**Student:** 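Okay, here's the structure, questions in a sec.
As the structure is a computational prediction, the values presented were derived from the model and not from experiment. Both ligands and their constituent atoms are indexed starting at 1 by order of listing. Numbering starts at 1 and runs along the sequence shown.
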Amino acid sequence: MLKVGEKLYEGKAKILYATEDPALVIQYFKDDATAFNAQKRGTIMDKGVCNNKISSALFQVMEQAGVPTHFVKQLSDREMLVKRLEIIPLEVTMRNITAGGMSRMLGIEEGIVLKQPVFEWHYKSDPLGDPLMNDDHILALQLATTQELETIRRLSSKVNDTLKTYFATRGIDLVDFKLEFGRYRGHILLGDEISPDTCRFWEQGTKKKLDKDRFRRDLGDVEAAYQEMLRRVLG
Ligand code: TMP
């Protein structure tokens, strides 16, 4: 039996706590920030509050767009009630503009608008640094079924289309983002968070970075960028 309030899991940016309902958990958002597989560590003041509020709003936008998520409700500044998923150990990235890992891997400059979105599977493994993998790796290792991969691809495209439009109307280019999915009562749900920790946001016109790259790259004004993204989402 789970004890109410028992810590079930602590990750780099969030903690999961048990509730009286075994199917539901509380996702608590911390101010801790890490980069480069936790080789770089720091704190971003009120990041947890911003990410909780931004994610809560964006999960509701996703539900309205027909993407089922683990979100149940926002409980407080730093807490969100979510369905307890069996997390699939894959990270999906979707890219609309070159940056970060894709620019490094292929030796291309950042900021090139891609002719079509780029979908990537990564194996969720901190010791290995979340390496890129393809469908064959996933199926051969039985990490997910063909049908689950199809569902995740379809939902990820829907997330991209919806978020791109949503942020465009708020003066932001959605460069790329990372998603995690899990199983819940036979269905695939979008889990984790959608926030400046897991997306790249560039202000239209100025190209100013309004996401965790300000922390990763020591660009300054880190807290202000999270607050600005919260303002754009709520505003
Ligand atoms: P990447 O260019 O470093 O592969 O990152 C792609 C997107 O995924 C970017 O929006 C940041 C996000 N991301 C995470 O959410 N977690 C991670 O561990 C990494 C490396 C990237």
**Student:** I'd like to know if D46 and R78 make a salt bridge, using a cut-off of under 4.0 Å between side-chain N and carboxylate O.
**Tutor:**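 R78 and D46: salt-bridged.
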
**Student:** Atom 11 (C) of ligand 1: which protein heavy atom is closest, and how many Å away?
**Tutor:**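 In this structure, atom 11 (C) of ligand 1 has R216 NH2, 3.6 Å as its nearest protein heavy atom.
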
**Student:** In terms of residue, atom name and distance, what is the protein heavy atom nearest to atom 18 (O) of ligand 1?
**Tutor:** D130 OD2, 3.8 Å

**Student:** Below a 4.0 angstrom heavy-atom separation, can you tell me which part of D197, side chain or backbone, both or neither, approaches ligand 1?
**Tutor:** backbone

**Student:** Please examine the side chains of R232 and I172, heavy atoms only from C-beta on, and report whether any two atoms are closer than 4.5 Å.
**Tutor:** yes

**Student:** Quick one: sort the F59 and H70 rings into parallel, tilted or perpendicular, breaks at 30° and 60°.
**Tutor:** perpendicular

**Student:** Considering only protein heavy atoms, which is closest to atom 5 (O) of ligand 1, and at what distance to one decimal place?
**Tutor:**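 Nearest protein contact, heavy atoms only, for atom 5 (O) of ligand 1 is R200 NH1, 3.5 Å.
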
**Student:** Under 4.0 Å from any heavy atom of G100, which atoms of ligand 1 are there?
**Tutor:** 2 (O)

**Student:** If I compare all heavy atoms of D213 with all of R216, which pair ends up nearest, and what's the gap?
**Tutor:**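 For D213 versus R216, the nearest heavy atoms are OD1-NH1, 2.8 Å.
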
**Student:** Which protein heavy atom lies closest to atom 7 (C) of ligand 1, and at what distance to 0.1 Å?
**Tutor:**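 Here the closest protein heavy atom is D176 OD1, 3.6 Å.
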
**Student:** My question is simple, although I want it checked carefully: is atom 20 (C) of ligand 1 less than 4.0 angstrom from any protein heavy atom?
**Tutor:**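 Looking at atom 20 (C) of ligand 1, one finds that no protein heavy atom lies closer than 4.0 Å.
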
**Student:** So, is R104 polar-close to ligand 1, with some N/O to N/O distance under 3.5 Å?
**Tutor:**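 No, there is no polar N/O contact under 3.5 Å.
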
**Student:** If you take all heavy atoms of R214 and A225, which pair is closest and at what distance?
**Tutor:**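 Looking at all heavy atoms of both residues, the shortest contact is CD-CB, 3.6 Å.
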
**Student:** Would L85 and Y28 show up in the same hydrophobic cluster when neighbours are defined by side-chain heavy atoms closer than 4.5 Å?
**Tutor:**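 In one cluster: no.
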
**Student:** With the side chain counted from C-beta on, respond yes when L155 and L190 share a heavy-atom pair under 4.5 Å apart, and no when they do not.
**Tutor:** no

**Student:** Looking only at heavy atoms of R95, does any of them come nearer than 4.0 Å to an atom of ligand 1?
**Tutor:**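 Flag set, R95 near ligand 1.
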
**Student:** What protein heavy atom sits nearest atom 2 (O) of ligand 1, and how far off is it?
**Tutor:** G101 N, 2.7 Å

**Student:** If you take all heavy atoms of A99 and V175, which pair is closest and at what distance?
**Tutor:**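 Scanning both residues completely, I find the closest heavy atoms to be CB-CG1, 3.8 Å.
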
**Student:** To check your reading of the model: name the closest protein heavy atom to atom 15 (O) of ligand 1, its residue, and the distance in Å.
**Tutor:** K178 CE, 3.0 Å

**Student:** Return the residue, atom name and 0.1 Å-rounded distance of the protein heavy atom closest to atom 17 (C) of ligand 1.
**Tutor:**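 For atom 17 (C) of ligand 1, the nearest protein heavy atom comes out as E91 OE1, 4.5 Å.
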
